[in-house]
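To start, the structure itself, in structure tokens.
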2 protein chains.
Amino acid sequence: MERHYTISDLAELLDITPRTLRYYEEVGLLTPIRQGTQRLYRDRDRVRLQLILRGRRLGFGLPEIADMLDLYDADPTEITQLQDVLQRGDKKLHDIERQIRDLEAVRDELTELRTRIAKTLLQKLRGDPTE
Amino acid sequence: MERHYTISDLAELLDITPRTLRYYEEVGLLTPIRQGTQRLYRDRDRVRLQLILRGRRLGFGLPEIADMLDLYDADPTEITQLQDVLQRGDKKLHDIERQIRDLEAVRDELTELRTRIAKTLLQKLRGDPTE
DNA sequence: TTTTCAGTTGACGTAAACGTTAATAAGTTG
DNA sequence: CAACTTATTAACGTTTACGTCAACTGAAAA
């Protein structure tokens, strides 16, 4: 059975403000149904929203996030459209793989730094002669 | 021997504008030396700048990038300072590991999507009966 | 029925990260 | 030396992603 959320329900659940939800609708990222004048969010809206928020955490802009969501939504009939989605998906995939490598580099550098500092700290704590 | 760059040299080299370099100086991310009134960027400025740009590509804000660069620059004498750097570094490391996992999730989803679309495409091209 | 409460639509405000323009100075080239 | 060229500071403009506030609308509770 379908769960429904009011705007503040969903906002509270995912720790954002109602304003954010209205804005995402304004830019076409979400399309909740209306019950009279009020918005009603279904489960698929929540899932979509969670994808948006993950994208935001990763530093993507909203248009870029919209692009990626479009990749999923598109259920194209035309072969050329399929090929297009395939191409755009591959490009994004490429970007993301690069981003992962960059992040792994940062992680490794931080890890190395950590080891160095921990070593220095141990020497200090032991009362090393070189100090 | 030390390489020097004028502001437009460095901007061109890393495909940004001089304005960006002046701005990064304004917020304390870079500190080029002065030759009279003009800025001169040394190799360490370039390296630092490349770290900044990588951070930007990864979606970090400039203050956050400044924090991370501080971790490297800090060469603390006090034990408490060392412990502080260690703590902050660990926190960042944690964030980054989460970000890597998020990105890997996105990558996997895109990869799966790719396979599905490629399959559909092949069926269409073969002139599948279900169409 | 009268608050009251959550929700609605504008509309303007804001912070970050620069872009753009103006006015000026300092080398460098013909 | 005049004319460029490249640099400088200062200041205002711009976009993104909302925050904030005002005025209004239903629905529900007292």
Side-chain angles (χ1 to χ4, degrees), chain A residues 3-42 45-46 48-70 92 95 99 102 106, chain B residues 3-42 45-46 48-70 92 95 99 102 106:
Chain A
R3 283 271 314 114
H4 287 324
Y5 309 88
T6 86
I7 194 168
S8 43
D9 281 352
L10 189 53
E12 209 167 316
L13 180 66
L14 297 185
D15 200 34
I16 57 180
T17 71
R19 176 63 172 108
T20 301
L21 287 172
R22 295 198 190 97
Y23 181 67
Y24 288 171
E25 183 176 354
E26 194 182 323
V27 299
L29 278 172
L30 291 176
T31 47
I33 55 178
R34 296 297 179 117
Q35 188 191 39
T37 169
Q38 289 186 218
R39 291 164 176 85
L40 268 195
Y41 296 87
R42 291 149 299 176
D45 295 316
R46 177 186 49 77
R48 201 176 159 87
L49 177 57
Q50 286 174 316
L51 290 178
I52 296 174
L53 295 180
R54 186 182 64 184
R56 219 184 45 173
R57 281 199 309 272
L58 292 173
F60 298 119
L62 296 189
E64 204 171 352
I65 293 177
D67 274 7
M68 300 181 57
L69 291 180
D70 279 0
K92 268 289 173 262
D95 292 352
Q99 205 165 337
D102 272 1
V106 174
Chain B
R3 284 272 313 116
H4 287 323
Y5 309 87
T6 83
I7 195 168
S8 44
D9 282 353
L10 189 54
E12 209 166 317
L13 180 65
L14 297 185
D15 200 34
I16 56 181
T17 71
R19 176 64 172 104
T20 300
L21 287 172
R22 296 198 189 97
Y23 181 67
Y24 287 172
E25 183 178 355
E26 195 181 322
V27 297
L29 279 172
L30 292 176
T31 47
I33 55 179
R34 296 296 178 117
Q35 189 191 36
T37 171
Q38 289 186 219
R39 290 165 177 83
L40 267 193
Y41 296 86
R42 291 150 299 177
D45 295 316
R46 177 187 50 77
R48 201 177 160 84
L49 177 57
Q50 285 174 316
L51 290 178
I52 297 172
L53 296 179
R54 187 182 62 184
R56 221 185 40 174
R57 281 200 309 273
L58 292 174
F60 298 118
L62 296 190
E64 204 172 353
I65 293 177
D67 273 9
M68 299 180 58
L69 291 179
D70 280 0
K92 269 287 173 262
D95 292 351
Q99 205 166 336
D102 272 0
V106 174

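Below, chains carry the letters A, B, ... as their sequence lines are ordered, and counting in each starts from 1.
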Atom pair [atom1] ([X]) and [atom2] ([Y]), whose distance is rounded to the nearest 0.5 Å:
X: L53(A); Y: Y24(A); atom1: CG; atom2: OH; answer: 5.5 Å
X: D95(B); Y: R57(A); atom1: CG; atom2: CZ; answer: 11.0 Å
X: L40(A); Y: R34(A); atom1: CG; atom2: CZ; answer: 10.0 Å

d([atom1], [X]; [atom2], [N]) in whole Å:
X: I7(B); N: dA26(C); atom1: CD1; atom2: P; answer: 17 Å
X: Y5(B); N: dA7(D); atom1: OH; atom2: P; answer: 15 Å
X: L10(B); N: dA7(D); atom1: CG; atom2: C1'; answer: 15 Å
X: L21(A); N: dT9(C); atom1: CG; atom2: P; answer: 13 Å
X: Q35(B); N: dT8(D); atom1: CD; atom2: C1'; answer: 14 Å
X: R34(B); N: dT8(D); atom1: CZ; atom2: C1'; answer: 8 Å
X: E26(B); N: dT8(D); atom1: CD; atom2: P; answer: 13 Å
X: D9(B); N: dA7(D); atom1: CG; atom2: C1'; answer: 12 Å

| said: Any side-chain N or O of T6(B) below 4.0 angstrom from OP1/OP2 of dA7(D)? | reply: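 Answer is yes, contact under 4.0 Å.
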Just to confirm, is there a sub-4.0 Å distance from OP1 or OP2 of dA7(D) to any side-chain nitrogen or oxygen of S8(B)?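 For dA7(D), OP1 or OP2 has a side-chain N or O of S8(B) closer than 4.0 Å.
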Exercise. Consider the side chain of R39(A), meaning its heavy atoms from C-beta on, and name the nucleotide among dT8(D), dG7(C), dT9(C) that approaches it most closely.
Key: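 Nearest to the side-chain atoms of R39(A), counting from C-beta on, is dT9(C).
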Hey, what are the protein-to-nucleotides 15-18 of chain D N/O distances that come in under 3.5 Å?
from, atom 1, to, atom 2, distance (Å)
dA17(D), OP1, L62(A), N, 2.9
dC18(D), OP1, R56(A), NH1, 2.8
dC18(D), OP2, Y24(A), OH, 2.5

Quiz item: Crowded around E64(B) CD? As in, over 12 foreign heavy atoms under 6.0 Å?
Solution: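 Enclosed: over 12 neighbouring heavy atoms sit under 6.0 Å from CD of E64(B).
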### Query
More than 12 non-hydrogen atoms from neighbouring residues, nucleotides or ligands closer than 6.0 Å to CD on Q50(B), yes or no?
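Counting other residues, nucleotides and ligands, CD of Q50(B) exceeds 12 neighbours.
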### Task
Find out whether the Lys NZ or Arg CZ of R3(B) is both under 6.0 angstrom from the six-membered ring centre of Y5(B) and within 45° of the ring's axis.
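That pair qualifies as a cation-pi contact.
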Exercise for review: Is it possible for you to check whether R39(A) lies under 6.0 Å from the centre of the six-membered ring of Y41(A), through NZ or CZ, and within 45° of that ring's axis?
Suggested key: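 Geometry flag: not set, cation outside 6.0 Å or 45°.
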Practice task
Answer with base, sugar-phosphate or nothing: what part of the nucleic acid does R22(A) contact at a heavy-atom distance below 4.0 Å?
Solution key: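 Result for R22(A) = base.
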